[in-house]
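Take a look at the structure set out below.
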Amino acid sequence: MSELSYRQALHDTLREEMLRDESVFLIGEEIGVFEGSYKITAGLLAEFGPRRVRDTPICEEGFVGAAIGAAMLGLRPVVEIMTINFSLLAIDQIVNHAAKIHAMFGGQVSVPMVIRTPGGGGQQLGASHSQNIEVYYAHAPGLKVVTPATPADAKGLLRAAIRDDDPVLFVENLSLYNTKGEVPDETGRIEIGKAAVAKEGRDITVVAYSRAAVIALDVARRLEAEGISVEVIDLRSLRPLDRETVCASVRKTSRAVVLEDDWLSFGVGAEIAATIQEGAFDYLDAPVRRVAAAEVPLPYAKPLENAALPNADALIKVIREILDDTRYQR
Amino acid sequence: MSELSYRQALHDTLREEMLRDESVFLIGEEIGVFEGSYKITAGLLAEFGPRRVRDTPICEEGFVGAAIGAAMLGLRPVVEIMTINFSLLAIDQIVNHAAKIHAMFGGQVSVPMVIRTPGGGGQQLGASHSQNIEVYYAHAPGLKVVTPATPADAKGLLRAAIRDDDPVLFVENLSLYNTKGEVPDETGRIEIGKAAVAKEGRDITVVAYSRAAVIALDVARRLEAEGISVEVIDLRSLRPLDRETVCASVRKTSRAVVLEDDWLSFGVGAEIAATIQEGAFDYLDAPVRRVAAAEVPLPYAKPLENAALPNADALIKVIREILDDTRYQR
Amino acid sequence: MRKERGTQGVAAAPAPATGGIGSESHETLQHYYRQMAFIRAFELRAAEMYQRAKIGGYCHLNLGEEATVVGLMAALAPEDYLFTTYREHGYALARGIAAERVMAELFGKSTGVSGGWGGSMHLFDAETNLLGGYGIVGGQIPPATGAALALSYKAEPDAPTPAVMCLLGDGTTNIGAFHESLNLAAIWRLPIVYVIVNNGLGMGTSVDAASGEPDLYRRGCAYRMPGVRVDGNDVLAVREAARAALEAARKEHQPSILEAVSFRLRGHSVVDPARYRSREDTDKAREEDPLPVFRAQLIDAGALDLSSAVQIEEDAERVVSAAVEFAEESPFPSVEELFAHGYATPVPNAPRALPGDPVIAPAGVARS
Amino acid sequence: MRKERGTQGVAAAPAPATGGIGSESHETLQHYYRQMAFIRAFELRAAEMYQRAKIGGYCHLNLGEEATVVGLMAALAPEDYLFTTYREHGYALARGIAAERVMAELFGKSTGVSGGWGGSMHLFDAETNLLGGYGIVGGQIPPATGAALALSYKAEPDAPTPAVMCLLGDGTTNIGAFHESLNLAAIWRLPIVYVIVNNGLGMGTSVDAASGEPDLYRRGCAYRMPGVRVDGNDVLAVREAARAALEAARKEHQPSILEAVSFRLRGHSVVDPARYRSREDTDKAREEDPLPVFRAQLIDAGALDLSSAVQIEEDAERVVSAAVEFAEESPFPSVEELFAHGYATPVPNAPRALPGDPVIAPAGVARS
Ligand SMILES: Cc1ncc(C[n+]2csc(CCOP(=O)(O)OP(=O)(O)O)c2C)c(N)n1
Ligand SMILES: Cc1ncc(C[n+]2csc(CCOP(=O)(O)OP(=O)(O)O)c2C)c(N)n1
Ligand SMILES: [Mg+2]
Ligand SMILES: [Mg+2]
């Protein structure tokens, strides 16, 4: 075990995988000379040279598509899209091509690529630079979508993603890069498609992923002191979605909240709530609630941005509402 | 009242609105000389000339973005994107720009444009040409998303959309173009943001939209004969979403199914089920079920395509399962 | 990595001269005619099968483009890679894929090149390096460019590599992916030839109405990428131009544009009656139809006699009929296979629900 | 609708000659220096305020680009429209928007040009036809093109119209939207000037590494669109070139490219230390810094004396300080306004839930 930042865990894993496998290469905007907009790739151009660390012009559709073609010929490109907002310029290549190619051509070819990209609001980047639109990819069969919340998961999932033969969208989060955590030294992978019980609890289940999972865990620890026992499920993978782990938890706690950074309507939490009410209907003592972003293009002004984004306080408020509501007392 | 096809209703409405308002113009691929890939715009180039009916090169990002700019200067472009699959090439302009511009610039400008585009599988068009990805747009604040199921709604909603000052994604469906229905002669609009109770019923609520709403209504009529009373809610608008009408229905029937043409996970039905379990929790006698497409890139071969897509039989099966399940008898 | 780029602007290089029919062996010429006649027969039958609802979806034909198809495929080496559009039956055939497997794909049968999963627009054959037909306009261009990147990644610096040929239509030169890809190929010096099959029309929109620079071979100027225009009705000219471009791609890693100009004999797809087309245009297309023209040339030159020509045409019909029969008799893929191509690397919780299935198996056990 | 297009290829027209400093009134020259000095002062203070966390998000400065900014804005008529990138404080100021309103926007205050909703990257002012700063690279280009379409839609055929000026960076010429938009402008003959502000770098990527044709003004060749390159450090040259391009856009509906070449004095944004930049490069940027150069030129030419120069600089500081004070004292927009700009046309069921609110008000009554 060593304590690493989420950023360092990503960096180290990229480096290790490049050392391990010559077919792994990095491609994206400003990842080489500039060392990455968020410095995940710092030092790698110097170490591996421009063949393995390929700076691209600004052309998301073009370089994501190029990575698809390279993957079809057996390479293992790891693409960086600077933020998930810009992935919309490449979504045709991701959803209409990468996600389809394996099945549409009858399984003759696969697309072993990873697209790393951070989401996240709360940095005052304004409406077009603060989105959490991973649900777009989670909806698309053929893709795998992972959303690590901790340095250890960042490492284990990135390793699994790079070695996976399918296109994997690897969703990072701006506000997690500097967070720290214990990371196992051995080179294990974390299975894509499995949620984690981040904390066990009895009274209520909080389902979350990425930054929200960190907040949920923090809230759970705080409420522990008050005698409220919160179970936290970190989804880790949105596609495939581990419905069973979520429902098993709610069958135990009988109550659930989703904490998510995206907009409420048609967001990730909708699927979780829909899944729980179907998979744990007879166990549910109260409606599944969702704590999500207000449905506005995110304003720049700090007070408005703060008001629009979900946070620990909102989660705590909803947990209390559910537990206190006399209609739903056990 | 006159009986019109869905195609004719769209065509007539475009023509009427162009006659009424000089600032309304049509823009898109092959809508002029070719008269539209699905012939919605047949005859309009001849009648209005190339200024009002503007054929574009193949460049979805470019011409959708151009329509945004034209709308910012007060025109009312009605864009045709040939199918919703190709909208992914323009989604950056739609979600990162059209949806944001009004709020991001503090309300100083609006984007009064309509994007018409058909979705729909079942035509053996293969994985990349058969998608129902309206949920991508339904998730984005700043947009309005409507999904008419009938010729009358096609007319009333298109009229409302054209006169609306916000960007409206107007989702049509390939398999509805030839369907017929009564259309009022007067020039009323249908309010965006309101669902319709397409058929009243007592035993169970089916929530649907677009093609699925037509199937749901058909199923409801068939089950009526057996003494099963199905209420059908046609959402008509996905954003805003009329949660109250949906929940009010389920508070009455206590049971619900969603029928939707998109993929199950993170699809439109997830939001409906999540809403119902929260908004009608105390009334619900059984879990809300979803009948949706199998989560695969849609295969070309007819038997596989048929197996992957939701249909009346699957809906009937699920309705019976819910009503027959002894666990959930009233 | 980066080599010298071309000089400013684009030398509008004339297509390399061909020796003409006289300098080709009769065998070669007959082979080309056989391929062209075969594609013609196949496409006409495909149209018929579509009208008889044996083929579904969209169906775009190479009718009128046979000389281009055969010339290009004659130049493409077996180790090269091919990315095409949705208008690609002819390419698959000329690349050497059995007609049965192509027709079976159009029928959606499990014996089809793509196992019935792709249909007319999505032919793929790993064996012949046909890396797919693509239905999204321009969608093939970035992956094709990336395939060229992989070839250069795998090669020693400066060593020759196989090349990629990326087909696209005239209308497709206006989409962003074209620009982005050509720029990447130029700055990275990738071994790729972008072949613009200019049949004069998008669906009904003319090149002139759609493209600011209607001389499409010149559009590489924005990347200092050379371009050549060739008469797409002249199979030998197409072959020579393609050879030269492919050689430059393979040996000098010089990407380039090759524009082959011809006509679309019919509508955009089988269902399009092409009413927007002027009489004049249709007449011209028919007059310049490469099939009868090439046939007459060969007969004039003594490279083919009438009875061999008729023989070739009858053979084509026979093989196409056999292909239809094969397709007809082949089984559809089984519904059990619906999730067979879900993922290349299996993972837990991969979806396997059919419409109407519960999200979790009632026992509470997740399917996987 | 369609007029003659230009001839093949692009005449790499030299930028129109300027009479030089000698032929301008002292007043004009002083005005330009005042604007440049003001932008300089504003940007330096913005950097400081960013470091003091008064400004959030990303903050991209026009430092080093002042001559380009002022030259362009001198040419743009009040009835013309401007679309810019996220690097646009200077344009807003030179367009005549009060510094307080710009600084207040950077502070996220309700008195800001965009009411605090946009921030540094998203300045918008309906009154001066500044139709927005845009943060998505290339995102502004299609809407700017559409604005030009609207202007031509509204005008009588062949009548002059106002023009649109669309700014973009060098790195942005490689994105698809650039290609698609230029093509539209070319085929529809739209009154627009695409100004490529070439500061030599994307974030850290050089023009040469990113662009197949690094002479960016030539990239219009793929649309037969003329292009001109001008020294972006020469305010008069920029103004003249922009005037000519705008006139052609307004009167002849001739779209064109104008490339203004200068240097970025600092990193990509305030937080970027620009370590990737060579010493040589930084030195060159500093040597050619348009501010001291222009100042010296004016003093040499007798158009400005030292004390007026100092006065101008002090005035600039004073106004910027006042702007900071104004911004500091202005209120933030109120949280009650969060849904104020939800829709321009109100509709039922528009979302108004805050994080943690139930999806339906507990009474069962939908909020709307
Ligand atoms: C992104 C996208 N937009 C639109 C279409 C619809 N479409 C299919 S083919 C076509 C015309 C293409 O013309 P061209 O590139 O000249 O090829 P051709 O069909 O003539 O071979 C269009 C508009 C599509 N498939 N994809
Ligand atoms: C679509 C998209 N991709 C990437 C980015 C991140 N990004 C912001 S500015 C920039 C560099 C732009 O360079 P250039 O066009 O030369 O403009 P400059 O910043 O030099 O003025 C990049 C890559 C973005 N904002 N949008
Ligand atoms: Mg064509
Ligand atoms: Mg730059």
Side-chain angles (χ1 to χ4, degrees), chain B residues 23 25 27 49-51 54 56-57 59-75 77 89 92-93 96-97 101-112 141-142 144 163-166 191-194 237 239-245 247-248 251 274-275 278-279, chain D residues 1-2 81 83 105 110 112-118 122-126 131-132 134-136 138-151 153-154 157 164 176-177 179-181 183-184 187-188 190 333 340-345 347-351 358-360 364-366 368:
Chain B
S23 67
F25 73 101
I27 179 167
R51 175 167 164 271
R54 190 171 289 261
T56 70
C59 57
E60 281 79 4
E61 170 96 346
F63 70 75
V64 171
I68 292 172
M72 290 171 77
L73 260 69
L75 298 184
L89 286 142
D92 164 62
Q93 283 297 325
N96 283 341
H97 295 87
I101 282 174
H102 179 63
M104 186 168 78
F105 295 136
Q108 291 175 82
V109 64
S110 63
V111 182
K144 292 170 178 168
R163 299 184 193 181
D164 194 285
D165 281 341
D166 295 302
E191 213 171 14
I192 294 174
K194 284 284 208 188
S237 167
R239 175 165 289 272
L241 181 64
D242 185 353
R243 292 191 163 87
E244 189 47 39
T245 297
C247 291
R251 286 189 206 114
T275 290
E278 186 174 341
Chain D
M1 291 289 291
R2 177 82 170 282
Y81 289 83
F83 285 74
E105 187 61 35
S110 64
V113 268
S114 306
W117 279 70
H122 305 119
L123 306 179
F124 188 104
D125 184 53
L131 291 201
Y134 293 80
I136 302 287
Q140 76 282 16
I141 314 178
T145 306
L149 172 60
L151 293 171
Y153 186 97
K154 292 172 178 183
V164 173
H179 171 74
E180 297 187 0
S181 301
N183 190 52
L184 292 179
I187 60 172
W188 294 338
L190 300 181
H341 305 309
Y343 285 128
T345 300
V347 286
N349 297 308
V359 299
I360 294 194
V365 180
S368 117

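All chains are named by letter (A, B, ...) in the order of the sequence lines, taking the proteins before the strands, and each is independently numbered beginning at 1. Not measured: the values here are computed from a predicted model.
- Proximity to chain B involves both the backbone and the side chain of D:Asp125, based on heavy atoms less than 4.5 angstrom apart.
- Within the 4.5 Å cutoff, no side-chain heavy atoms of D:Glu180 are placed close to those of B:Pro57.
- The aromatic rings of D:Tyr134 and B:Phe105 stand perpendicular to each other, their planes meeting at an angle above 60°, with 30° marking the opposite boundary.
- When each of D:Ala177, D:Pro142, D:Ala150, D:Ala148 is scored by its heavy-atom pairs under 4.5 Å with chain B, the top score falls to D:Pro142.
- Looking at D:Val113, the atoms closer than 4.5 Å to chain B (heavy atoms on both sides) all sit in the backbone: N, CA, C or O.
- Contacts of B:Leu241 with chain D are made by backbone atoms alone, with heavy-atom separations under 4.5 Å and no side-chain atom involved.
- For the set B:Ile68, B:Asp92, B:Val111, B:Val64, the entry with the most heavy-atom pairs within less than 4.5 Å of chain D is B:Asp92.
- Checked by atom type and distance alone, the side chain of B:Gln108 pairs as donor or acceptor with a backbone atom of D:Ala126 at under 3.5 Å.
- Interface check for chain B: of the options D:Ala144, D:Ala147, D:Gly115, D:Ala340, the most heavy-atom pairs under 4.5 Å are formed by D:Ala147.
- With rounding to the nearest 0.5 angstrom, the CG atom of B:Leu75 is 9.0 Å from the CG atom of D:Leu151.
- Residue contact with chain D, scored on non-hydrogen atoms closer than 4.5 Å, is absent for B:Leu89.
- Both the backbone and the side chain of B:Thr56 come within less than 4.5 Å of a heavy atom in chain D.
- Looking only at heavy-atom pairs under 4.5 Å with chain B, the residue among D:Ile141, D:Leu149, D:Thr145 that has the most is D:Leu149.
- Residue B:Glu244 holds its CD atom at 4.5 Å from CD1 of D:Ile360, rounded to the nearest 0.5 Å.
- Ranked by non-hydrogen atom pairs under 4.5 Å with chain B, the options D:Tyr343, D:Phe83, D:Trp117 are led by D:Tyr343.
- Residues satisfying the side chain to side chain contact (heavy atoms under 4.5 Å, CB included) test with B:Ala66, not counting sequence neighbours, are D:Leu184.
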Task: Pair B:Glu191-D:Val347, side chain to side chain contact (heavy atoms under 4.5 Å, CB included): steps then yes or no - done: CA-CA 7 Å; B:Glu191 213 171 14; D:Val347 286; 5.7 Å; no
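- With B:Glu278 contributing its side chain and D:Val359 its backbone, the two residues share a donor-acceptor pair below 3.5 Å.
- With sequence neighbours excluded, the residues that form a side chain to side chain contact (heavy atoms under 4.5 Å, CB included) with D:Ala344 are B:His102, B:Ser110, B:Asp165, B:Asp166.
- Between the CD1 atom of D:Ile136 and the NE2 atom of B:His97 there is a distance of 5.5 Å, given to the nearest 0.5 Å.
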Task: Candidate pair B:Leu73 and D:Tyr81, rule side chain to side chain contact (heavy atoms under 4.5 Å, CB included), full reasoning - done: CA-CA 10 Å; B:Leu73 260 69; D:Tyr81 289 83; 3.9 Å; yes
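- Each of B:Glu60, B:Met72, B:Gln93, B:Arg239 has some count of heavy-atom pairs under 4.5 Å with chain D, and the biggest count is that of B:Gln93.
- Two residues are said to be in side-chain contact when any heavy atoms from C-beta on lie closer than 4.5 Å; B:Val109 and D:Leu131 fail this criterion.
- A distance of 12.5 Å separates NE2 in D:His341 from CE in B:Met104, rounded to the nearest 0.5 Å.
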